[in-house]
Amino acid sequence: MQKSYLNVIDIETGEVSVLHTYEKIIEAPNWNQENGCLYFNSEGHIYRYDPSTDRTELIETGICDACNNDHVLSPDATKIAVSHNTNGDWLQCQIYVCPIEGGTAVLATPAKPSFLHGWSSTTNELCYCAFRTIEGIQHVDVYTTKAPEETDRTLEEFIENRLTSEGFNDGPEFSPDGKHIWYNSTVTGLMQIWRMNADGTGKVQMTDNDKDNWFAHVSPDGTKVVYLAFNKEDQLPEQHLPNLHVELWLMDYDGSNKRKLVSLFGGQGTINVNSWNKDSKRLAFVSYDEL
């Protein structure tokens with residue numbers, strides 16, 4: 001079995017610390033800013049890791065027993081929204097919301113597939129990547145919808161807002177102040193990092209290099225952005241595959257001062273969701289034994 005390493009990197013010193021080693025595949029840590037715990041998915045379930053005790057606990061997510069690496073904590077850290085592969089099929093993926101301590105899952109997106117990446121701190125909206133067939137053509141775009149109340153949302157009640165319309169668009173995430181959505185898109189060729197206003201206007205390309213760049217995550221203080229860089233020779237631009245040599249990069253919020261943080265063996269599962277610590281100086285990521 002391939003080992004997984006739950007790591008933390010100090011962005012100022014570049015020092016990497018291994019918090020815990022798992023004898024299985026784990027993916028996509030979220031850092032809870034309230035209790036300091038890290039939440040990740042493994043084998044279809046969500047787990048909580050407490051660095052203060054080095055304990056890992058299963059979170060009850062009701063019918064969501066095929067959770068993938070697209071999950072996000074609510075801004076007040078009382079809930080966790082998960083992307084659940086209904087019937088074990090990623091093409092049937094739907095977003096659900098659960099209490100952070102575990103409990104009944106509430107359906108947020110009856111339309112499928114939908115893959116969650118962000119939760120606004122100002123409008124209580126979810127932002128996600130979705131595959132939708134429009135006029136007979138399948139598109140992959142960024143959408144937003146209001147987070148659900150305490151009951152499942154029906155398809156008739158479901159309202160989503162399409163914010164992109166060209167290229168393959170994925171990994172959307174709200175900035176801490178809710179003004180922007182960061183995402184990645186192939187609209188100019190390779191996968192690059194973009195930023196737009198929360199209503200879909202004002203799209204700006206933030207990276208422009210010879211790599212495929214994915215999953216931009218903004219620090220809690222809103223000053224820095226980390227992202228994952230793949231070598232373009234290793235995959236198609238719209239892919240984010242596992243078991244590859246990849247890099248974590250950092251830039252300022254305005255796109256300046258880009259620099260590589262670390263090279264690692266990972267890819268899919270390394271940093272799919274926001275994993276910054278509240279001090280905006282450390283972030284968590286997953287790496288794997290090299291095959």
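For clarity, every value in this text was computed on a predicted model and none was experimentally measured.
Residue pairs meeting the salt bridge (Lys or Arg N to Asp or Glu O under 4.0 Å) criterion with at least one partner in residues 208-220, sequence neighbours excluded, are Asp210-Lys232, Lys211-Glu247. Applying the salt bridge (Lys or Arg N to Asp or Glu O under 4.0 Å) test to every pair with at least one member in residues 173-188, sequence neighbours left out, gives no pairs at all. Residue pairs meeting the ring pair (Phe, Tyr, Trp, His ring centres under 6.0 Å) criterion with at least one partner in residues 260-291, sequence neighbours excluded, are His245-Phe265.
Looking at Gln192 and Thr207, their side chains do bring a donor and an acceptor atom within 3.5 Å of each other. Side-chain polar atoms of Trp31 and Asn274 form no donor-acceptor pair below 3.5 angstrom. In this model, no donor atom of one side chain and acceptor atom of the other lie less than 3.5 Å apart for Tyr96 and Asp152. With no hydrogens or angles considered, a side-chain donor-acceptor pair links Asp76 and Thr78 at under 3.5 Å. With 3.5 Å as the limit, one finds a donor-acceptor pair spanning the side chains of Asn272 and Gln268. For the residue pair His45/Asp65, the side-chain donor-acceptor check at 3.5 Å is not satisfied. In this model, a donor atom of one side chain and an acceptor atom of the other lie less than 3.5 Å apart for Thr86 and Gln94. Counting only N and O atoms by type, the side chains of Asn68 and Asn85 include a donor and acceptor under 3.5 Å apart. Gln2 and Asn243 share a donor-acceptor pair across their side chains, judged by distance under 3.5 Å alone. When only modelled atom types and interatomic distance are considered, Asn169 and Asp141 share a side-chain donor-acceptor pair under 3.5 Å. Side-chain atoms of Tyr22 and Thr56 include a donor-acceptor pair closer than 3.5 Å.
Between Tyr227 and Trp249, the two ring planes are parallel [angle under 30°; tilted spans 30° to 60°].
Considering only heavy atoms from C-beta on, Val140 stays 4.5 Å or farther from Glu238 through its side chain.
What you find for Tyr49 and Leu19 is that their closest heavy atoms are OH-O, 3.2 Å. The two residues Ala111 and Arg132 have their closest heavy-atom pair at CB-NH2, 3.4 Å.
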Does the pair Phe230 and His240 meet the rule for a ring pair (Phe, Tyr, Trp, His ring centres under 6.0 Å), with working shown? CA-CA 8 Å; Phe230 291 83; His240 48 102; 7.2 Å; no
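In this structure, Lys112 has no salt bridge (Lys or Arg N to Asp or Glu O under 4.0 Å) partners at least two apart in sequence or on a different chain. Not counting sequence neighbours, Phe174 has no partner by the ring pair (Phe, Tyr, Trp, His ring centres under 6.0 Å) test. Taking Arg48 as the reference, Glu57, Glu101 meet the salt bridge (Lys or Arg N to Asp or Glu O under 4.0 Å) condition, with sequence neighbours excluded. In this structure Trp182 satisfies the ring pair (Phe, Tyr, Trp, His ring centres under 6.0 Å) test together with Tyr253, sequence neighbours excluded. Looking at residues two or more places apart in sequence or on another chain, you find a side-chain contact (heavy atoms from CB on, under 4.5 Å) between Thr53 and Asp50, Arg55. Contacts of Asp279 classified as salt bridge (Lys or Arg N to Asp or Glu O under 4.0 Å), with partners at least two apart in sequence or in another chain: Arg282. With sequence neighbours excluded, no residue forms a salt bridge (Lys or Arg N to Asp or Glu O under 4.0 Å) with Lys278. Annotation: side-chain contact (heavy atoms from CB on, under 4.5 Å) contacts of Glu34 (sequence neighbours excluded): Asn32, Ala77. The side-chain contact (heavy atoms from CB on, under 4.5 Å) search around Thr154 returns Glu156, Glu157, not counting sequence neighbours.
Of the charged side-chain nitrogens involved, none lies within less than 4.0 Å of a carboxylate oxygen, so that Glu160 and Arg153 do not count as a salt-bridged pair.
Hydrophobic cluster membership differs between Ile181 and Val204, with clusters built from Ile, Leu, Val, Met, Phe, Trp and Tyr side chains linked at under 4.5 angstrom.
Cation-pi contact between Lys24 and Phe40: absent, since separation from the ring centre below 6.0 Å together with deviation from the ring axis within 45° is not met.
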